[in-house]
Peer 1: 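First, the structure itself, so that you have it in front of you.
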Amino acid sequence: MNIASRLNRIKESLPSTVQVVAVSKFHEASAIHEAYEAGHRLFGESRVQELVPKYNELPKDIRWHFIGHLQSNKVKQVVPLVDTIESVDSLKLLEEIDKEAAKFNRTIKILLQIHIAQEEHKYGFSFDEAEEIIRSGRLKTLSHVKLAGLMGMASFTDNDAQIRSEFKCLAGFFSKLKASYFAADDSFKELSIGMSDDFPIAIEEGSTLVRIGSKIFGARE
Ligand SMILES: *Cc1c(COP(=O)(O)O)cnc(C)c1O
């Protein structure tokens, strides 16, 4: 099967409430173009040095989501190119994105990355830290970022029950935030959970954005 048919088969299997972020990291622009020709417009990259040349080479109606750990000093390179930064994992980063977005007169959608996995090394806020940022009102003073929801990565394990329980926890937290702070704010709506190996579970637990790489583009070298 080729890229277009793998992508279309996944898309056909999803509820209409779920969008696919096609994660093209480590793959050539030509592979992205194949998915583009099949009608896909939403792509994810996790490294600045890959995003920049791909952005330059590919059609400008692609919507890019940045999904990797982002250092503050690279924000100025990313902000002019992306629709959404899914991997916001510090207040400092959030402030930097706002500052740079203001220079371009843009509003960048952001997701707060929440640490739900057991592994220590994964980035992200705890539930308490994320809620504190929201409750503090600090976000409202940042006029060039718009909080669009939450992102999380489950533990790297083949224990489906564990993965499901991590997604369930995050989905519960998302619903609690929605009810407490964003009941009247339609922009807070995205729950980005699910990758190639666990997206069916994520969808059952309420995902609205699945970030799928290898199941579309093949294994990364
Ligand atoms: C690489 C990556 C993905 C996609 O991983 P696959 O297992 O290839 O689908 C999703 N999310 C993030 C944050 C990634 O870095």
Side-chain angles (χ1 to χ4, degrees), residues 1-11 13-14 18-29 31-32 34-35 40 42-52 54-55 62-71 74-75 78 81-90 93 97 108-125 130 148-160 162-164 166-167 170-171 174 190-221:
M1 263 209 293
N2 61 20
I3 289 170
S5 40
R6 284 195 295 258
L7 175 60
N8 284 331
R9 203 170 63 166
I10 291 169
K11 284 164 85 167
S13 77
L14 300 181
V18 181
Q19 293 188 79
V20 175
V21 179
V23 177
S24 45
K25 66 184 187 204
F26 293 81
H27 292 280
E28 307 269 338
I32 302 174
E34 247 182 274
H40 201 70
L42 179 55
F43 293 88
E45 284 286 339
S46 58
R47 302 194 307 172
V48 179
Q49 71 267 32
E50 275 192 77
L51 171 66
V52 172
K54 286 173 179 173
Y55 175 90
I62 287 178
R63 278 180 296 131
W64 293 100
H65 280 204
F66 195 83
I67 62 170
H69 180 62
L70 181 58
Q71 288 165 303
K74 297 205 171 146
V75 167
V78 171
L81 315 185
V82 299
D83 170 85
T84 301
I85 298 176
E86 296 199 14
S87 42
V88 173
D89 57 7
S90 74
L93 180 60
I97 294 167
I108 303 291
K109 283 183 267 181
I110 60 120
L111 306 184
L112 297 181
Q113 182 172 353
I114 310 295
H115 180 106
I116 53 171
Q118 279 182 332
E119 289 106 49
E120 278 295 320
H121 62 266
K122 294 228 167 107
Y123 293 103
F125 294 107
L150 305 178
M151 185 271 255
M153 289 166 88
S155 295
F156 184 68
T157 171
D158 45 24
N159 180 346
D160 284 357
Q162 159 113 24
I163 291 170
R164 184 181 298 281
E166 291 171 3
F167 285 157
L170 185 57
F174 175 85
E190 304 292 5
L191 180 59
S192 178
I193 50 174
M195 305 175 26
S196 286
D197 289 331
D198 57 20
F199 75 86
I201 302 175
I203 286 165
E204 286 171 8
E205 298 305 330
S207 176
T208 65
L209 282 174
V210 288
R211 308 177 311 272
I212 302 182
S214 41
K215 282 259 158 75
I216 296 169
F217 294 106
R220 289 182 284 275
E221 310 272 299

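By convention here, the first residue in the shown sequence is residue 1. Heavy-atom basis, side chains included; hydrogens, waters and symmetry copies ignored. Treat the numbers as computed from the prediction; the structure is a model and nothing was measured. Counting starts at 1 for both ligands and their atoms, in listed order.
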Peer 1: Taking all non-hydrogen atoms of both residues into account, name the closest pair between F167 and G194 and its distance.
Peer 2: CZ-N, 3.9 Å
Peer 1: Quick check on side-chain contact (heavy atoms from CB on, under 4.5 Å): which of L51, T84, V82, V23 does H65 satisfy it with?
Peer 2: T84
Peer 1: Could you pull out the N/O contacts under 3.5 angstrom between ligand 1 and the surrounding protein atoms?
Peer 2:
from: ligand 1; atom 1: 8 (O); to: S214; atom 2: N; distance (Å): 2.8
from: ligand 1; atom 1: 8 (O); to: S214; atom 2: OG; distance (Å): 2.9
from: ligand 1; atom 1: 8 (O); to: R220; atom 2: NH1; distance (Å): 2.7
from: ligand 1; atom 1: 8 (O); to: R220; atom 2: NH2; distance (Å): 3.2
from: ligand 1; atom 1: 9 (O); to: S196; atom 2: N; distance (Å): 3.0
from: ligand 1; atom 1: 9 (O); to: S196; atom 2: OG; distance (Å): 2.6
from: ligand 1; atom 1: 9 (O); to: G213; atom 2: N; distance (Å): 2.8
from: ligand 1; atom 1: 11 (N); to: R211; atom 2: NE; distance (Å): 2.9
from: ligand 1; atom 1: 15 (O); to: K25; atom 2: NZ; distance (Å): 2.7

Peer 1: Going by salt bridge (charged side-chain N to carboxylate O under 4.0 Å, His left out), name the residues that satisfy it together with E205, two or more places apart in sequence or in a different chain.
Peer 2: R164, K168
Peer 1: Any donor and acceptor pair, going by atom type alone, linking the side chain of K215 with main-chain N or O of I10 inside 3.5 Å?
Peer 2: no
Peer 1: What closest approach, in Å, do S207 and I193 show between heavy atoms, and which atom pair accounts for it?
Peer 2: OG-O, 2.8 Å
Peer 1: Is the cationic atom of R6 (NZ for Lys, CZ for Arg) positioned less than 6.0 Å from the six-membered ring centroid of F217 and within 45 degrees of its normal?
Peer 2: no
